[in-house]
Structures are given as C-alpha cells and as structure tokens.
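Notes for the one structure printed next.
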Amino acid sequence: MHDTTAMLIELGAIILALGLLGRLAGRVGFSPIPLYLLAGLAFGQGGILPLQASEEFVATGAEIGVILLLLLLGLEYSASELVTNLKTQYPSGAVDFVLNAVPGAVAALVLGWGPVAAVALAGVTWISSSGVIAKVLGDLRRLGNRETPVVLGVLVIEDLAMAVYLPILTALLAGVSLAGGAVTLLISLGTVGAVLYVALRHGRLISRAVSSDNAEMLLLVVLGLTLLVAGVAQELQVSAAVGAFLVGIALSGEVAEGASNLLTPLRDLFAAVFFVFFGLSTNPADIPPVLLPALLLALVTSLTKVATGWFAARRAGIHGAGRWRAGGTLVARGEFSIVIAGLAVGVEPRIGPLATAYVLILVILGPLAARYTEPLARFLTRRPAERTTAPADEEVTESAHANA
C-alpha cells in the first residue's frame with residue numbers, strides 16, 4: 001500500500017475513534033482524556049496494532065495541540081490579570097515547588113540514581129500539565145469559576161519557571177561549564193522578559209494589527225503568529241507552550257473573542273491528537289516493572305498538589321469548595337514531565353519508564369481528581385450523621401457560594 005494511502009487510512013481511523021470515544025465519554029459525563037490515552041497505548045509501540053504510516057504526522061499534531069491549548073487558555077485572560085496573578089500567587093508558586101519537587105528528588109536519591117537524575121525527577125513531579133488541565137477546565141465548564149484564575153496563576157508560574165529550569169537541567173546533563181549554562185539561562189530569561197514586555201505594554205497595538213472582520217484572515221493571522229512565536233521560543237530554549245500562552249494574553253477584546261470562537265474546534269481536534277500521541281509513544285511492556293514506585297510517587301504528589309491548590313485558593317479568599325476544586329485540578333502531569341524525562345534518559349535510562357508510568361497514572365487520575373476531590377472532601381469532612389441526612393441541593397448551594 002502506498003505510504004500516503006496508509007497514512008490517510010490510519011489518520012481517518014484515529015480521528016473516527018476519537019470521535020466515538022468522545023461521544024462515549026460525553027454520555028457518561030466524564031472527560032475523554034483517559035480514553036484517548038488508552039487508545040494510544042493500544043495502537044502504539046508494543047500495543048495491539050501498532051500504527052506506522054501516520055506516526056510523524058501525529059507527533060506534529062500533538063505539538064500543535066499543546067500550543068493551541070495554551071493559546072486558548074491565554075485568550076481567556078488579559079495581561080493585567082496575568083500580572084495581578086503573578087504578584088499575588090508567587091508565594092503559592094514557592095509552596096508548589098517545595099511540596100512537589102522535593103518528593104521526586106528524594107525518590108531519585110533513594111533509588112541511587114545520583115544528583116543529576118534527582119534534579120530531573122524533581123521536575124517531572126513538580127510541573128502540572130497545562131495541556132491536560134486546560135482541557136479539563138473546558139470539559140467541566142469551569143473557566144468562569146472563581147478558583148480558575150488561582151489555578152492559572154500556579155500554572156503560569158510553573159511554565160515560566162521552566163525557562164529557568166530547563167536550561168539548568170540541560171547544562172547539568174551535558175556537563176557543560178558554569179559559564180555556558182549561565183549564557184543559556186540569560187538567553188531564556190531575556191526571551192521571556194521581552195515577550196512579557198510586549199504583551200503588557202503593546203497588547204492593544206497587537207490586537208489592532210491582528211484584528212480583521214474577515215474570519216478567514218483572523219484565523220490565519222492568529223494561528224500563524226502563535227506558531228511563529230512558539231517556534232522562536234522553543235529555539236531560544238523557552239517552552240513553546242509559554243510562547244503560545246503569552247500570545248493569547250497579548251490579544252484582547254473582540255479579537256480575543258473572535259479568535260477563541262474560530263480556534264476552539266481546531267484546539268479540540270489537535271488536543272485529542274496530543275493525548276493519543278502520548279499513549280502511542282509509550283510501550284506497555286515497560287510499565288509493569290516500575291508500576292509500584294510510580295504508584296507511590298503518584299499518590300504522594302497527588303496529595304501535595306491538592307495541598308498546593310488548597311493553599312493558593314485559601315490565600316485568594318476562596319471558600320472551601322473552591323479550594324478543593326483548585327487542588328484537584330492541579331493533580332495532572334503531562335507534557336513537561338515527558339520532555340524532562342526524555343532529556344534525562346541518557347544519564348539515567350531507568351527514569352524514562354518510571355516517568356512514563358507516573359505521568360500515565362496522573363494524566364488518568366488528574367481528570368478524576370478535578371471532578372471528585374471537592375465532593376469527596378465534603379463527604380469526608382461531614383459528621384457521620386450528616387452523611388446520610390444532608391439535603392440534596394447542598395452541592396448546588398456550595399458551588400454557587402464558591403463562584404460568587
């Protein structure tokens with residue numbers, strides 16, 4: 001069979017399967033992300049029926065998926081809101097680092113992998129998945145919730161921290177000199193600073209330049225600008241996701257609303273491809289040997305992420321239900337963790353399977369935690385007698401209070 005024909009058949013089968021899985025998830029009121037991942041595992045390396053012809057296209061689509069997820073998330077907020085979040089949430093970012101990076105570092109040292117692997121595994125357990133969380137917030141219709149800016153603030157601090165962390169990790173893995181690592185770090189910080197400055201000072205000019213009454217022109221300009229900035233950011237050792245998010249916050253008003261409406265279907269398509277690709281790139285045979293330590297690490301860092309979100313929401317004056325929702329939403333790990341593990345496998349090969357199993361657990365557990373942490377916490381904190389006599393409308397009342 002011709003390569004192009006095989007690719008079209010595989011892509012058609014993948015997209016059709018995603019549509020059917022999405023409909024199934026919608027019928028049961030659940031996020032489709034875990035189903036997308038399991039589908040990827042079934043048809044990836046070592047799966048039931050490995051796909052070959054479409055692998056390169058799916059990999060590219062996965063990159064675009066992450067970029068669009070972060071762009072659409074950025075379009076929900078203005079530059080001024082971002083600055084306010086950063087000013088108010090930096091203590092939460094520090095707590096997030098301590099609570100979630102330390103378990104990974106300790107685990108690597110206990111396993112005898114050495115200090116460089118400890119730095120790498122600390123990053124794997126520290127960074128939540130902006131892509132997964134953005135999708136979950138949309139699926140659960142929580143973008144307008146009062147706790148969502150708090151979640152966003154923590155994610156933005158994490159994503160911006162990657163501009164510092166990744167160059168340091170790369171330098172450690174390569175064994176380069178201190179001077180070489182410092183130059184890379186300065187380039188990364190300069191890039192982030194420049195993009196932030198443009199977004200904050202000249203966001204209106206950018207919106208005016210991008211604006212168009214023609215939907216086709218608006219779509220092409222916004223998508224092209226986003227991919228260009230994301231690619232330049234990646235080349236300069238800054239996350240492409242950070243670049244896409246900053247493009248989103250640089251656009252405001254009618255331009256942001258129009259771009260969001262046009263790009264939402266594309267985001268949904270390529271985001272689904274991203275989650276499938278993650279499953280495709282994982283060999284199921286590598287998971288069982290590292291499943292127990294991955295489960296233990298996932299359990300510990302799920303609790304620490306919930307604590308992080310609860311602390312951040314409490315600082316923002318959000319009531320009990322919103323605090324628990326914020327904590328549960330932050331549980332998922334994903335794209336950054338895989339990138340970090342991929343960099344580190346040359347130094348410690350065992351970190352790859354462990355990180356893969358760990359992320360797979362939490363990318364499946366994450367949507368569950370986002371949905372059920374609040375009702376579970378409410379149930380556990382009730383007195384035994386209240387668990388059987390609580391009024392049926394309490395959940396609605398509590399949720400409305402949290403969003404007030």
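Computed from a prediction, not measured in an experiment: that's the story for all the values here.
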Exercise for the section: Side-chain contact test, heavy atoms from C-beta onward, threshold under 4.5 Å: evaluate it for P353 versus I287 and give yes or no. Expected result: no
Exercise for the section: Give the minimum heavy-atom separation between A120 and I340, together with the two atoms involved. Expected result: O-CG2, 3.2 Å
Practice task
Could you give me the CA-CA distance, side-chain angles and deciding distance for L11 and V58, then say whether side-chain contact (heavy atoms from CB on, under 4.5 Å) is met?
Solution key: CA-CA 8 Å; L11 284 176; V58 171; 4.1 Å; yes
Practice task
Look up atom OG1 in T356 and atom CD1 in I351, then write down how far apart they are to the nearest 0.5 Å.
Solution key: 10.0 Å
Handout entry: Gap between atom OG1 of T329 and atom CG of L140 - 0.5 Å precision
Key = 7.5 Å
Problem - CG on L219 to CG on L262, rounded to 0.5 Å - result: 5.5 Å
Fill in the blank from the handout: Looking only at heavy atoms, the pair that brings A313 and A326 closest together is CB-CB, 4.1 Å
Problem - Check: K305 and R333 side chains under 4.5 Å, non-hydrogen atoms - result: yes
Problem - Heavy-atom side-chain contact between V363 and S129 under 4.5 Å - result: no
Practice task
Answer yes if the side chains of N100 and T304 hold a donor-acceptor pair under 3.5 Å, and no otherwise.
Solution key: yes
Practice task
Please report the closest heavy-atom contact between L18 and A272, naming both atoms and the distance.
Solution key: CD1-CB, 3.7 Å
Practice task
Verify side-chain contact (heavy atoms from CB on, under 4.5 Å) between W324 and L376, making sure each step is shown before the conclusion.
Solution key: CA-CA 9 Å; W324 291 113; L376 178 61; over 6 Å; no
Exercise for the section: Would you check, one step at a time, whether the test salt bridge (charged side-chain N to carboxylate O under 4.0 Å, His left out) holds for E254 with R208? Expected result: CA-CA 10 Å; E254 294 182 0; R208 203 172 299 162; over 6 Å; no
Exercise for the section: To the nearest 0.5 Å, tell me how far S128 OG sits from L155 CG. Expected result: 6.0 Å
Problem - Beyond-backbone contact of I361 with L297, side-chain heavy atoms, under 4.5 angstrom - result: no
Practice task
Assess whether side-chain contact (heavy atoms from CB on, under 4.5 Å) is satisfied between L303 and V306, documenting all intermediate values.
Solution key: CA-CA 5 Å; L303 296 175; V306 171; 5.7 Å; no
Completion exercise
Tightest non-hydrogen contact, residues G93 and I157, listed as CA-CG2, 4.0 Å
Problem - R267 (side chain) donor-acceptor with L72 (main chain) under 3.5 angstrom - result: no
Practice task
For N214, look at atom CG and say whether over 12 heavy atoms of other residues, nucleotides or ligands are found less than 6.0 Å away.
Solution key: yes
Handout entry: Whether Y165 and W126 hold their rings parallel, tilted or perpendicular, with breakpoints at 30° and 60°
Key = perpendicular
Completion exercise
Between the CG atom in L354 and the CG atom in L121, the distance rounded to the nearest 0.5 Å is 6.0 Å
Handout entry: Side chains of S130 and L69 in contact at under 4.5 Å (non-hydrogen atoms)
Key = no
Problem - A256 to L251 - nearest heavy-atom pair and separation - result: CB-O, 3.8 Å
Practice task
For the residue pair R325 and T373, establish whether any side-chain heavy-atom pair is separated by less than 4.5 Å.
Solution key: no
Exercise for the section: Indicate yes or no for a side-chain donor-acceptor contact from S302 to the backbone of A298 under 3.5 Å, with no hydrogens or angles considered. Expected result: yes
Problem - N/O donor-acceptor pair under 3.5 Å between T226 side chain and A244 backbone - result: no
Exercise for the section: Find out whether L266 and L263 are in side-chain contact, i.e. whether some heavy atom of one side chain is under 4.5 Å from a heavy atom of the other. Expected result: yes
Problem - Non-hydrogen side-chain atoms of L99 and F311 separated by less than 4.5 Å - result: no
Problem - CA sep, side-chain torsions, deciding dist, call: L362, V132, side-chain contact (heavy atoms from CB on, under 4.5 Å) - result: CA-CA 10 Å; L362 288 183; V132 174; over 6 Å; no
Exercise for the section: Give the minimum heavy-atom separation between G258 and L218, together with the two atoms involved. Expected result: C-CD2, 4.0 Å
Problem - Side chain T264, main chain S260, donor-acceptor under 3.5 Å - result: yes
Practice task
Answer yes or no: does atom CZ of R315 have more than 12 heavy-atom neighbours from other residues, nucleotides or ligands under 6.0 Å?
Solution key: yes
Handout entry: Point-to-point distance, once rounded to the nearest 0.5 Å, from CG of L20 to CG of L35
Key = 11.5 Å
Practice task
Would you kindly say whether N145 and E147 are connected by a side-chain donor-acceptor distance under 3.5 Å?
Solution key: yes
